[in-house]
Amino acid sequence: MLGPVILAASRSDKMRRFVSAAPGTRQVVSRFIAGETVEQVIPIVKETVAKGLEVTLDVVGEDITTRDQAYAARDAYMELIEHLEDLGLGTKAEMSVKLSMFGQSLEGGHELALANIRPVVEAADSIGTTVTLDAEDHTTLDSMFAIHEELRKDYPQTGCVIQAYLFRTEDDARRLAEAGSRVRLVKGAYKEPATVAYQSKAEIDTAYVRILKTLMEGEGYPMIGSHDPRLIAVTQELARRAGRKLDEYEFQMLYGIRSDEHVRLAAEGHRMRVYTAYGTDWYGYFMRRLAEKPANLLFFVRSMITKG
């Protein structure tokens, strides 16, 4: 199984240096990362929305070690919001954040992350859009959910992410499937032990469908984070059974993956949001994309050989 090996490598400084220096890396990274600066990503946002799609923007770089880096992450999102304000797209362009990037793993990290994320959520609200809190490894989730709950007191549209491969997620889904909630369901892309997470694809897929059913039958707004054609079809059927209209849930897929499917779903009347990452500290995000699909790794290796 290559996935767990690649996920382990995503935390290795030695592998970070090797991959960053590899001749074919830049070609492959550009497939998943929309640019390095906000000025580079804004034209992509415009182009995406012009196709009838929506976006959620992620400034990559969760592996921070200092408070100054956490403040810099906050400021990067504030800069993004200034650019989005000029576009006037409202919720067609929202943001996704990883609380580790806002200082969650540092000493006093829970309070630091909350203090850093609050002005971002407030600024997003002021321009008519919102923020979704990404899920990270299982040790961070209690803090993430507590911050999510606190933010929703003033900004109830603040979203969060749950991961199907974790045993705890079915309970989390039942708790979150309430009126006004926004919940993105993904399979999960971190290396987790068998004590807390399903390990086989079949078990994860089955759990995903159970959790999706809970969200669809609930009163919140489900956001389906998957490229799997079977799960997309299941989503449509569960939405039909639950009596949901097309604007009462949405699909979300990654920038650079199955782009034709993005357009197809939007053409059918579905809300289709493209998760669009940008920034210079792309390594962790990039390695998780390789781990999710072996074809991505083969594409990378082939590029290295071609450029070498």
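Computed from heavy atoms alone, side chains included, the values below leave out hydrogens, waters and symmetry copies. Residues: numbered from 1 along the sequence shown.
- Nearest heavy atoms, Cys160 versus Phe145: SG-CE2, 4.1 Å.
- Counting heavy atoms from C-beta on, the side chains of Val45 and Thr48 never come closer than 4.5 Å.
- Donor-acceptor pairing under 3.5 Å is recorded for the side chains of Ser200 and Glu203.
- With 3.5 Å as the limit, one finds no donor-acceptor pair spanning the side chains of Asp228 and Ser226.
- Side-chain contact check for Thr132 and Glu94: at least one donor-acceptor pair (N or O, by modelled atom type) lies under 3.5 Å.
- Annotation: side chain of Leu99 is not in contact with side chain of Leu114 (no heavy-atom distance under 4.5 Å).
- Residue Val121 is grouped with residue Leu57 when hydrophobic side chains (ILVMFWY) are merged at heavy-atom distances under 4.5 angstrom, including chains of intermediate members.
- For the side chain to side chain contact (heavy atoms under 4.5 Å, CB included) with Arg174, the lone residue among Leu176, Asp172, Asp171 that qualifies is Asp171.
- Side-chain contact between Asp134 and Tyr275: present, with at least one pair of heavy atoms (C-beta onward) separated by less than 4.5 Å.
- By the criterion of side-chain heavy atoms lying less than 4.5 angstrom apart, applied directly or through intervening Ile, Leu, Val, Met, Phe, Trp or Tyr residues, Leu231 is grouped together with Met272 in one hydrophobic cluster.
- Side-chain contact of Ser143 with Gln104: a donor-acceptor pair under 3.5 Å is present, judged by distance alone.
- Taking a 6.0 Å sphere around NZ of Lys187, one finds it holds more than 12 heavy atoms contributed by other residues, nucleotides or ligands.
- A cation-pi arrangement is absent between Arg271 and Tyr221, since the terminal nitrogen or guanidinium carbon is not both under 6.0 Å from the aromatic centre and inside a 45° cone about the axis.
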Thr56 and Ser96: CA distance, side-chain angles, deciding distance, side-chain hydrogen bond (donor to acceptor under 3.5 Å, both in side chains) verdict: CA-CA 6 Å; Thr56 184; Ser96 292; 2.7 Å; yes
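- In terms of hydrophobic clustering, with Ile, Leu, Val, Met, Phe, Trp and Tyr side chains grouped at heavy-atom distances under 4.5 Å, Ile162 and Leu141 are assigned to a common cluster.
- Ser181 and Arg152 form no side-chain donor-acceptor contact under 3.5 Å, judged by distance and modelled atom types alone.
- Counting non-hydrogen atoms of other residues, nucleotides and ligands closer than 6.0 Å to CD of Glu268 gives a total above 12.
- The closest side-chain heavy-atom distance from Val49 to Leu89 is below 4.5 Å.
- Remark: Glu136 does not engage Lys98 in a salt bridge, criterion side-chain N to carboxylate O under 4.0 Å.
- Taking the side chain as every heavy atom from C-beta outward, Leu80 and Leu84 approach each other to under 4.5 Å.
- Two residues are said to be in side-chain contact when any heavy atoms from C-beta on lie closer than 4.5 Å; Glu192 and Tyr165 meet this criterion.
- Counting heavy atoms from C-beta outward, Ile44 and Val55 have side chains that stay 4.5 Å or more apart.
- For the 3.5 Å distance criterion, the side chains of Gln163 and His138 fail to qualify, holding no donor opposite an acceptor.
- Surrounding CD of Glu149 are at most 12 heavy atoms belonging to other residues, nucleotides or ligands under 6.0 Å away.
- Between Tyr198 and Ala207 the shortest heavy-atom distance is CE1-CB, 3.7 Å.
- Shown here for Ala164 and Ile204, the closest heavy-atom pair between the two residues is CB-O, 4.2 Å.
- Put simply, the side chain of Glu248 gets close to the backbone of Lys245: a donor and an acceptor are under 3.5 Å apart.
- Between Met216 and Pro222, the shortest heavy-atom contact is SD-CG, 4.1 Å.
- The shortest non-hydrogen separation linking Thr235 to Tyr249 is CG2-CE1, 4.1 Å.
- In this structure, Glu122 does not pair ionically with Arg118, as no charged nitrogen and carboxylate oxygen lie closer than 4.0 Å.
- Residues Tyr77 and Asn116 have side chains that never bring a donor and an acceptor to within less than 3.5 angstrom of each other.
- With contacts defined as side-chain heavy-atom distances shorter than 4.5 Å, the pair Leu112/Arg67 qualifies.
- Within a 6.0 Å sphere centred on CD of Glu219, heavy atoms belonging to other residues, nucleotides or ligands number 12 at most.
- Listed here is the closest heavy atom pair of Ile232 and Arg258: CD1-NH1, 4.0 Å.
- For Arg184 and Gln252, the side-chain atoms include at least one donor-acceptor pair closer than 3.5 Å.
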